[in-house]
Amino acid sequence: MREKRKIYLKTNLRNFRNVFWRYPDRLFALRSTISMAILAIPFIILGIPYYGVTLALGALAGSLSETDDHPKGRVKALTITILSFFISSLAVGLLHNYPLVLGAGFILSTIVFILLGGIDERYRTITFGSVLIGIYAMLSVEISPAWYWQAILLPAGALFHGLLTLILMYLNPWRLLDEQMAGGFITLSTYLEKKAMLFPSRKEDQAAINKDLAMLNINVVNSLEKIKDVLNNYGRELRNPEVLRAYLQRFMLLQSLHERAASSHERHDKLSNEDDTIEVVEGFGEMLRQLSYATRQVAENMLTGTPYHHPLALEWISNAIEDKLKEMDENTAQPLVLLHHNLHRSQISLKYLDNPVEGTSIPRLRQEERSAWERFRAQLNLKHPRMRYALRLSLTFLIGFVIEKQLQMDKGAWVMLTSLFVSQITYSSTRRRLFQRVLGTVTGVILGVLLLQIFTNTAAQVLLMFGSAMAFFYWLRKQYSIAVIFVTTFVLSAFSIITKDGGMNIMIPRLVDTLIGASLSFLVIRFLWPAWQYRQMPEIISKAMQKNRTYLLAIANEYKTASSDDLGYRIARREAHLADNELAQAWNSMRQEPKSKQKLMQHAFSLTYLNHALLSHISAFGVHRETNMPTLENFNEIVLQISDAINEASQLIKPNAQNMLVDLSPLLLELKSQIVDTASGLKKQQLRLLYNIAGTTSKIVEELEKTRKEIVNS
């Protein structure tokens with residue numbers, strides 16, 4: 001019997017790991033819902049549901065305010081969170097009968113909170129939660145037994161959730177790092193899976209695939225940034241950085257794998273159309289799919305602790321491709337050799353994942369050099385996006401507050417609650433959130449009406465409330481519109497529990513308030529600093545080109561003298577990818593803007609595509625810096641010419657730019673001649689890499705000149 005119980009327990013633990021432990025979003029949703037349920041259910045059973053639901057709302061806000069910190073850092077953040085929540089909710093209780101003072105204080109504090117959130121990601125979540133708590137307090141102040149209860153219950157709920165989270169973190173202090181690192185490997189896996197579709201592919205399909213790759217690259221780079229921030233947060237709290245070595249080395253591995261994945265060695269349509277190479281190209285596609293599977297296995301290793309098993313198929317495919325390349329004619333195989341070497345190095349890195357080189361130095365990470373005050377002060381001008389966002393949001397709150405008081409709206413604070421979630425820094429993001437919020441709320445109200453007709457007793461409504469809460473937390477990080485549906489059913493069931501029939505009575509007001517709040521957010525950003533992307537494009541393109549140039553020069557320096565500490569190289573690579581992301585996001589945002597503002601749309605798309613192609617070719621040049629390539633006689637001259645061309649191109653569509661003649665044709669002819677005259681080998685391969693970089697730069701120059709002419713003529 002005892003043995004059967006052990007087996008049963010092990011089976012259930014394995015099932016729990018499979019359902020929750022390997023999926024951080026599910027685990028986050030479960031943890032947040034459990035903390036809310038522990039707080040609310042006893043009070044609901046005792047017949048005083050207001051206290052329980054208010055505590056649960058505090059826990060919900062506390063969950064949304066969590067920071068990505070080491071447990072020691074989380075203690076500091078939790079202290080600030082509770083203090084901020086207390087001040088916000090206490091101010092609402094004290095000033096409820098003085099609407100002018102309350103409104104003025106809330107508007108001014110919103111501006112301060114938003115700017116404080118701009119200092120660091122840690123403060124951003126806390127300050128958002130503080131504004132949210134203030135609105136929650138406004139929503140329920142009238143049904144509070146006394147003015148001070150919200151200032152006790154809301155922070156207490158957040159404190160309970162924070163302490164529960166801290167206990168779990170102390171049991172496994174590295175879990176947060178594991179989750180972030182695993183997220184990075186998963187985003188890379190998705191990128192690799194999409195890239196495999198290029199091998200082989202038709203020319204007419206490649207534009208769509210490359211567009212998707214540019215968008216997926218945003219996710220990978222954002223994940224790398226998130227991991228870097230969390231590593232720095234942990235590093236600040238640890239006395240001995242040696243304990244972070246394993247995580248730092250995996251982070252370096254992830255960066256290296258991304259650089260290799262993002263690199264392009266040859267035109268994919270050219271490779272796919274060669275009958276002699278089609279088998280090898282198909283092999284590359286399968287190898288990329290196996291690398292995608294392997295990186296997901298690494299993520300699972302970090303989330304569940306299960307051993308990483310390197311796919312045997314990877315090594316077999318790599319060897320098969322190598323044998324096939326040896327059988328081919330040297331000239332035919334030439335474009336494929338470096339690509340195979342690139343993928344082979346990736347699989348070798350993964351194969352020896354758990355066997356890092358002993359005695360290597362701990363990799364350094366770039367840290368924020370400005371003080372908190374310097375970062376705060378940098379936002380104190382009307383040109384800064386965060387200041388503009390703070391003023392727009394506060395103006396939206398001001399109009400919503402006036403409408404609520406003038407029309408004496410019941411639960412009018414929902415107007416501000418909607419504005420808080422809909423208002424974003426850019427027009428396109430706000431527009432997207434508006435549709436998600438309205439669609440989600442309407443769907444949630446309809447669903448809530450139907451469910452409340454079915455779940456008529458308190459016990460059933462409690463199940464509905466916490467089921468909705470768990471679904472909300474799960475979808476919050478995945479798809480906001482679905483999350484809104486469940487937060488709406490959560491609110492309806494919560495008010496129904498408190499007021500017995502309040503859930504049904506607030507449906508129409510909630511819909512009206514949502515429409516008003518969403519409309520206000522849209523109108524304010526439509527007419528107050530909308531920052532149309534066509535006006536930003538010249539500066540964004542120029543920045544992307546300059547960062548590519550810096551990356552290219554950093555690679556050239558590594559070719560000449562490999563550094564023992566490649567922090568400078570990694571910074572140049574990171575900033576080039578961030579600039580490429582900014583360009584891709586600007587083009588994507590332009591598609592959401594009014595038709596009259598979609599100027600230079602086709603040029604923006606072409607430049608986004610070409611810039612990502614240039615970055616891919618530079619990355620290919622970078623990944624082979626350690627392959628002992630021979631130095632070309634005119635290496636410095638070639639790199640300098642390309643670098644100068646990129647620099648001049650970056651100025652072409654800037655305002656008041658002078659006419660410049662950027663012509664890489666002579667260099668391209670010279671490189672082509674050298675490629676023809678050079679025997680097969682590493683030297684020829686290096687020339688091909690440089691030719692690809694120069695060729696793509698030349699195409700960008702042509703597109704920039706066309707763009708400039710359209711700007712001048714418009």
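As the structure is a computational prediction, the values presented were derived from the model and not from experiment.
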Original post:
When you look at Ile143 and Tyr50, which way does the side chain to side chain contact (heavy atoms under 4.5 Å, CB included) test go after all the steps?
Top reply: CA-CA 8 Å; Ile143 58 175; Tyr50 170 81; 3.9 Å; yes

Subject >> Side-chain H-bond candidate by donor/acceptor type, Ser419 with Thr396, under 3.5 Å >> reply: no

**OP:** Return the set of residues passing side chain to side chain contact (heavy atoms under 4.5 Å, CB included) with Ala196 (not counting sequence neighbours), or none when no residue passes.
**Re:** Leu288, Arg289

**OP:** Side-chain contact test, heavy atoms from C-beta onward, threshold under 4.5 Å: evaluate it for Leu55 versus Phe160 and give yes or no.
**Re:** no

Original post:
Do the numbers put Arg433 on top of the ring of Tyr480, so that NZ or CZ is under 6.0 Å from the six-membered ring centre and no more than 45° off the axis?
Top reply: yes

Original post:
Going through the checks in order, is the side chain to side chain donor-acceptor pair (under 3.5 Å) test met by Thr489 and Ser468?
Top reply: CA-CA 6 Å; Thr489 57; Ser468 298; 2.8 Å; yes

Original post:
Within the side chain of Ser88, is there an N or O that forms a donor-acceptor pair under 3.5 Å with the backbone of Ile133?
Top reply: no

**OP:** Could you verify whether a donor N or O on one side chain and an acceptor N or O on the other, from Arg296 and Ser189, lie under 3.5 Å apart?
**Re:** yes

Original post:
About how many Å separate CG of Asp68 and CD1 of Ile227, when rounded to the nearest 0.5 Å?
Top reply: 11.0 Å

**OP:** Return yes if some donor-acceptor pair links the side-chain N/O of Ser201 with the main-chain N/O of Leu198 below 3.5 Å, else return no.
**Re:** yes

**OP:** Assert yes or no for the condition that the ring centre distance of Tyr247 to Trp174 is strictly below 6.0 Å.
**Re:** yes

**OP:** Report yes or no: does Ser423 contribute a side-chain atom to a donor-acceptor pair with the main-chain N or O of Leu420 at less than 3.5 Å?
**Re:** no

Original post:
Could you give the distance from CD1 (Ile218) to CG (Asp580), rounded to the nearest 0.5 Å?
Top reply: 8.0 Å

**OP:** Take Ser429 and Thr426 through the test side chain to side chain donor-acceptor pair (under 3.5 Å) and record every step on the way to the result.
**Re:** CA-CA 5 Å; Ser429 298; Thr426 64; 2.8 Å; yes

Original post:
Side-chain contact, heavy-atom cut-off 4.5 Å: Trp532 with Tyr427?
Top reply: yes

Original post:
Looking at CD1 of Ile209 and NZ of Lys211, how far apart are the two atoms once the value is rounded to the nearest 0.5 Å?
Top reply: 11.5 Å

Original post:
For the residue pair Pro71 and Tyr170, what are the closest heavy atoms and their distance?
Top reply: CB-CZ, 3.7 Å

Subject >> N/O donor-acceptor pair under 3.5 Å between Glu404 side chain and Met409 backbone >> reply: no

Original post:
Could you go step by step and tell me if Leu291 and Thr295 meet the side chain to side chain contact (heavy atoms under 4.5 Å, CB included) rule?
Top reply: CA-CA 6 Å; Leu291 283 169; Thr295 49; 5.6 Å; no

**OP:** Assess Arg26 against Tyr23: is NZ or CZ under 6.0 Å from the centre of the six-membered ring, and within 45 degrees of the ring's axis?
**Re:** yes

**OP:** Check whether the side chains of Gln150 and Thr54 place a donor and an acceptor atom closer than 3.5 Å, and report yes or no.
**Re:** no

Original post:
Counting N and O atoms only, with roles assigned by atom type, does the side chain of Thr127 sit under 3.5 Å from a partner on the main chain of Arg124, one being a donor and the other an acceptor?
Top reply: yes

Subject >> Main-chain N/O of Ala390 paired with Ser394 side-chain donor or acceptor, under 3.5 Å >> reply: yes

Subject >> Ring-face cation contact, Trp475 with Arg477, 6.0 Å cut, 45° max >> reply: no

Subject >> Derivation of the side chain to side chain contact (heavy atoms under 4.5 Å, CB included) call for Leu60 and Phe490 >> reply: CA-CA 11 Å; Leu60 185 148; Phe490 168 81; 4.1 Å; yes

Original post:
Under a 4.5 Å cut-off applied to non-hydrogen side-chain atoms, are His70 and Asn233 in contact?
Top reply: no

Original post:
Can you find a pair of side-chain heavy atoms, one from Asn588 and one from Arg591, that are under 4.5 Å apart?
Top reply: yes

Original post:
Heavy atoms, side chains only, cut-off 4.5 Å: are Thr306 and Gln297 in contact?
Top reply: no

**OP:** Identify the heavy atoms of Met138 and Ala413 that sit nearest to each other, and give their distance.
**Re:** CB-CB, 3.8 Å

**OP:** Report yes or no: does Arg437 contribute a side-chain atom to a donor-acceptor pair with the main-chain N or O of Val484 at less than 3.5 Å?
**Re:** no

Subject >> Minimum side-chain heavy-atom gap Gln255-Arg574 below 4.5 Å >> reply: no

**OP:** Give the minimum heavy-atom separation between Ala261 and Leu188, together with the two atoms involved.
**Re:** CB-CD1, 4.0 Å

Subject >> Gln479 side chain reached by Gln436 side chain, heavy atoms, under 4.5 Å >> reply: no

Original post:
Is the backbone of Phe455 close enough, under 3.5 Å, to the side chain of Gln461 for a donor and an acceptor to pair up by distance?
Top reply: yes

Subject >> For Phe86, side chain to side chain contact (heavy atoms under 4.5 Å, CB included) partners two or more places apart >> reply: Leu90, Ala151, Pro155

Original post:
For the ring pair Phe397 and Phe106, is the centre-to-centre distance below 6.0 Å?
Top reply: yes

Original post:
Do Trp149 and Tyr51 have ring centres separated by under 6.0 Å?
Top reply: yes

**OP:** Side-chain contact test, heavy atoms from C-beta onward, threshold under 4.5 Å: evaluate it for Phe85 versus Ser65 and give yes or no.
**Re:** yes

**OP:** Report the distance from atom CD1 of Ile107 to atom CD1 of Ile111, rounding to the nearest 0.5 Å.
**Re:** 7.5 Å

**OP:** Over 60° means perpendicular and under 30° means parallel, so classify the ring planes of Phe473 and Phe28, tilted if in between.
**Re:** perpendicular

Original post:
Can you tell me if Thr187 and Thr190 form a side-chain donor-acceptor pair at under 3.5 Å?
Top reply: no

**OP:** Please report the closest heavy-atom contact between Val298 and Arg250, naming both atoms and the distance.
**Re:** CG1-NH1, 3.9 Å

**OP:** Decide, yes or no, whether a salt bridge links Arg526 with Glu593 under the criterion of side-chain N to carboxylate O below 4.0 Å.
**Re:** no

Subject >> Point-to-point distance, once rounded to the nearest 0.5 Å, from CG of Asp229 to CG of Leu224 >> reply: 11.0 Å

Original post:
Do other residues, nucleotides or ligands put more than 12 heavy atoms under 6.0 Å from Met169 CE?
Top reply: yes

Subject >> Output field: ring centroids Phe421/Phe128 closer than 6.0 Å >> reply: yes

**OP:** Taking Arg175 for its side chain and Leu168 for its backbone only, find out whether a donor-acceptor pair lies under 3.5 Å.
**Re:** no

Subject >> Rounded distance (nearest 0.5 Å) linking atom OG1 of Thr456 with atom CG of Leu451 >> reply: 12.0 Å

Subject >> Main-chain N/O of Ala59 paired with Ser63 side-chain donor or acceptor, under 3.5 Å >> reply: no

Original post:
Do Arg431's NZ or CZ and the ring of Phe522 fall within the cation-pi criteria of under 6.0 Å and 45°?
Top reply: no

Original post:
Looking at residues at least two apart in the chain, or sitting in another chain, which of them share a salt bridge (Lys or Arg N to Asp or Glu O under 4.0 Å) with Arg74?
Top reply: none

**OP:** Determine, stepwise, if the pair Gln180 / Phe251 fulfils side chain to side chain contact (heavy atoms under 4.5 Å, CB included).
**Re:** CA-CA 10 Å; Gln180 294 296 341; Phe251 182 52; over 6 Å; no

